Amino acid sequence: MEETRIALIGIIVEDVESTERLNRILHDYGQYIVGRMGIPYREKGVCIISVVLDAPGNVISALSGKLGMLEGIRVKTVYSKGG
């Protein structure tokens, strides 16, 4: 079994038009998602989403990269030290 790491992906959605593509990508990685929380911040016109993963490092990187390429989406990933 491949070694996994815990990671937190922080997402700020500045363009709600990208939400459908964002959700489709997250759905594709659903087997690795431990939990997800979304907060609409209407006063600022953004949504903040946090996604916790338990996945191999290459999977986390691939997901972060795909999300980061979406227009109007800001992404940062934090990794645990080990498995």
Side-chain angles (χ1 to χ4, degrees):
M1 186 169 169
E2 191 171 359
E3 186 175 326
T4 63
R5 293 180 74 183
I6 305 297
L8 169 67
I9 299 179
I11 305 165
I12 296 181
V13 180
E14 297 173 335
D15 180 1
V16 294
E17 295 293 317
S18 296
T19 304
E20 185 177 330
R21 286 173 296 199
L22 168 78
N23 284 325
R24 197 173 321 123
I25 292 169
L26 290 176
H27 176 77
D28 291 344
Y29 287 82
Q31 72 187 78
Y32 301 106
I33 295 175
V34 176
R36 172 180 171 177
M37 178 178 64
I39 303 169
Y41 193 179
R42 291 177 186 85
E43 293 82 8
K44 299 288 183 176
V46 298
C47 294
I48 300 100
I49 302 169
S50 61
V51 180
V52 177
L53 302 166
D54 185 358
N58 63 323
V59 171
I60 297 167
S61 295
L63 174 56
S64 296
K66 288 178 182 180
L67 295 174
M69 290 190 297
L70 294 174
E71 192 73 31
I73 303 285
R74 304 279 173 242
V75 178
K76 291 292 178 189
T77 304
V78 179
Y79 292 86
S80 66
K81 286 186 179 180

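These numbers come from a predicted model, not from an experiment.
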Visitor: Heavy-atom distance under 4.5 Å between the side chains of Leu53 and Ile6, does that happen here?
Guide: no
Visitor: Would a 4.5 Å heavy-atom cut-off, applied to side chains only, mark Ile49 and Leu22 as touching?
Guide: yes
Visitor: Without placing hydrogens or testing angles, list every side-chain donor-acceptor pair under 3.5 Å for residues 56-70, not counting sequence neighbours.
Guide:
residue : atom : partner : partner atom : Å
Ser61   : OG   : Gly57   : O            : 3.2
Ser61   : OG   : Tyr79   : OH           : 3.3
Ser64   : OG   : Ile60   : O            : 3.1
Ser64   : OG   : Thr77   : OG1          : 2.6
Lys66   : NZ   : Tyr29   : OH           : 3.1

Visitor: Calculate, to the nearest 0.5 Å, the distance between atoms CZ and CD belonging to Arg21 and Glu71 respectively.
Guide: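 One gets 8.0 Å once the value is rounded to the nearest 0.5 Å.
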Visitor: In a table with atom names and distances, give each donor-acceptor pair under 3.5 Å that connects a side chain of residues 34-48 to protein atoms at least two apart or in another chain.
Guide:
residue : atom : partner : partner atom : Å
Arg36   : NH1  : Asn23   : OD1          : 3.4
Arg36   : NH2  : Asn23   : OD1          : 2.5

Visitor: Indicate, with yes or no, if Leu8 and Ile11 share a hydrophobic cluster defined by side-chain heavy-atom contacts under 4.5 Å among Ile, Leu, Val, Met, Phe, Trp and Tyr.
Guide: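 Unlinked, Ile11 and Leu8 end up in two clusters.
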Visitor: Test Val75 against Ile9 for side-chain contact (heavy atoms from CB on, under 4.5 Å), laying out the working first.
Guide: CA-CA 7 Å; Val75 178; Ile9 299 179; 3.6 Å; yes
